[in-house]
Chemist: 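Can you read through this structure? Questions will come right after.
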Amino acid sequence: MPWFLHLALRQLFPPGKRFPAFATVSILGVGLGVASLLVVQTVMNGFGEEHRLRIRESFGDCVVLGQKPIEQPERLVAQLKADAAVQSASSFAEGPALARQGDFSGIAGVRGIEVADQNQPARNYVYAGSFDELDDGRVILGIGLARALRVQVGDKVELWSPSMAERAEKGKAPLPAEFEVCAIVRTGFTEVDDRAALIPVRRFRELWNLGSRSHGITLRLKDPAQAPAIAGRLGVGHPELRFIPWQDIKKNFLEAIRFEKTMLFFLMFIITLVASFSIGSTLFSAVIRRSREVGVLVSLGSERWKIVMLFGLQGFLIGALGTALGFLLTWAILFFRESILGTINGLFGDGDMVASVYQFSKVPLHYDAKDFVVAAGFTLLTTALAGLIPALWAAGRKPSEAMRDA
Amino acid sequence: MPDSNSSSTGEYVLQATGLQKAFVAPAGRLQIIAGVDLEIRAGESVSIRGSSGSGKTTLLQLLGGLDIADAGEVLVRAPDSGKRVSPQSAIGRGIGFVFQNYQLMPELTALENVALAARIAGIATKEANAAAKELLISVGLGERLEHPPARLSGGECQRVAIARALVNRPAVILADEPTGNLDEKTADEIMKLLLGVVAARGTALLLVTHSAEFASRTQRRLVLSGGRLGSA
């Protein structure tokens, strides 16, 4: 080990002191800065990923819509299924309805789906009951809606569609459609859980007087990331239809998340920068305090660049150890995030903010190696610079002056 | 002109010619060193006395390459080639320093402090530690190798500093008031040790001191007054 590294380690961690004040406070400061940065980034990534996944699962990788309901959608579905980039295609219809059970009622977002489609995302979120039991007399409800209506699997619910109101206007008695709940789904996305009511598309057409038409077609793609290019290609020859890739379905919302993440990175980076300035300032004081030692090292024959290394390395070591601590803290905070959030909600909130504001039942996470590399890179750079500036100052001093000072 | 008070016949290890140094003070320019010529031969011991503020430490720093003279030249015998070089390039291996306040690294043990000088000079850690250990034993600190300066007495710290100055076998040691912080008895012990080890190793010594008694133990005695050197 070079002597300057040995001395740098000894000055940072003097023997006999378990927690030397300067090193401990500096490393903790950098660690907290890095952890703040990465926790925010990882949670924001999680929100982004969850929203993207929910958008894709709710609307498909690409959704085909027209100005009017699509006539004979089966033909178009068959045509789209034949494309090599398409994994599956199924028509759908959707509309609002009043759901009622006894004295309880709620607004349902009713979606008519093709039951035979094995790629229906609702299959992955069944909380109770069975998806495969869905037929013309049965319905699948989101867990929030089921709770609002006080129903369980096997209970009956009534659905009142707008077309029934038309029937009343024509002087006929509007009769609600009665369904037995065959399954309850829980996606964790409250917008879906609180409103979803899934019935077969054939039954939906009956209740909404759609005939053989559908409101749209949902496509699942083999490579969802390529959705914009595939949508553009599939749209050729169909001027009456719009092929909307999932990235464009809630574009502003996704952009807002991305922007929010960038801004939070910037704000959190300032915390790390402040910690680095603090290290620079403390190292500067340490260098002034050690002025005589700088002079002594010169009198022992040390080259100037090695004195730069001696103090510069201390900043770098603080940065490296602080970054490692930051990674560890990030993991710990994220591992216990639900407990931490529960405590925060208990102390300052009056409900589950994640569910009410962000519509997730849990704080989502997505670890991105790039964020860790960038955080580590920035931190090491700033702390090394924070150590380097006083180091250059120290090494530039005349030894005779340095030995007179301090 | 080099001083003519040299009593040794060995080869010159340090030569200074026409050294001048002034400082700018609020009251005006202060000429601290006003033309000093000095030659020290191998194995010779020389003392310089002078009142406080007479420029003894400044002269030592000019001779040792820790400061740069306004005029004049200092040449030191290079440890390896024997050529005359500037003190800046001989520092560490050609010149050793002993300071009044010991100037040890507080985070290092006695052994590490001595070995540090050798490691800075490019000697491998193992050899540096072996040389440091041998020197510390020779100055009576064999039982204190792993002690940090905070656990050593003033006399012991100065012994460590002497061992550190000697570890690279320099041609000359510049000692600036090495007994200034010690009690009379310890100071006497340190002076005996310093003069003994430099004599035993054939190292030249330039001693700056207030003490006429310690100065009298050197082979040649000089006085710095008015920025110039004269015989005591």
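Throughout, a chain's letter reflects where its sequence line sits, starting with A, and its residues are numbered from 1.
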Chemist: Relative to chain A, which of Leu108(B), Ile68(B), Thr125(B) shows the most heavy atom pairs under 4.5 Å?
Modeler: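 Looking at each of Leu108(B), Ile68(B), Thr125(B) in turn, Leu108(B) comes out on top.
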Chemist: Answer yes or no: does atom CZ of Arg201(B) have more than 12 heavy-atom neighbours from other residues, nucleotides or ligands under 6.0 Å?
Modeler: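 Above 12, so yes.
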Chemist: Please check if the number of heavy atoms outside Phe316(A) that lie under 6.0 Å from its CZ is greater than 12.
Modeler: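 Check fails, neighbour count at 12 or below.
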Chemist: Is Glu134(B) atom CD crowded by more than 12 heavy atoms from other residues, nucleotides or ligands, each under 6.0 Å away?
Modeler: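 Open: at most 12 neighbouring heavy atoms sit under 6.0 Å from CD of Glu134(B).
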Chemist: Which heavy-atom pair separates Arg10(A) from Thr109(B) by the least distance, and what is that distance?
Modeler: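 Heavy atoms of Arg10(A) and Thr109(B) come nearest at NH1-N, 4.5 Å.
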Chemist: If I compare all heavy atoms of Pro2(A) with all of Arg119(B), which pair ends up nearest, and what's the gap?
Modeler: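 Looking at all heavy atoms of both residues, the shortest contact is C-NH2, 3.6 Å.
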Chemist: Look up atom CD in Gln103(B) and atom OG in Ser299(A), then write down how far apart they are to the nearest 0.5 Å.
Modeler: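 Here the interatomic distance stands at 8.0 Å.
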Chemist: What distance do Leu116(B) atom CG and Leu297(A) atom CG have between them, rounded to the nearest 0.5 Å?
Modeler: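 If I round to the nearest 0.5 Å, the distance is 6.5 Å.
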Chemist: Would you say that more than 12 heavy atoms from the other residues, nucleotides or ligands in this model lie under 6.0 Å from the CZ of Phe335(A), or not?
Modeler: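 Open.
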Chemist: Quick one: salt bridge (Lys or Arg N to Asp or Glu O under 4.0 Å) partners of Glu303(A), sequence neighbours excluded?
Modeler: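 Glu303(A) satisfies salt bridge (Lys or Arg N to Asp or Glu O under 4.0 Å) with Lys306(A) once adjacent residues are dropped.
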Chemist: For Gly301(A) and Ile120(B), work out which heavy atoms get closest and say how close.
Modeler: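 So the minimum-distance heavy-atom pair works out to C-CG2, 3.5 Å.
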Chemist: To the nearest 0.5 Å, what is the distance between CG on Leu7(A) and CD on Glu112(B)?
Modeler: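 Result: 9.5 Å between the selected atoms.
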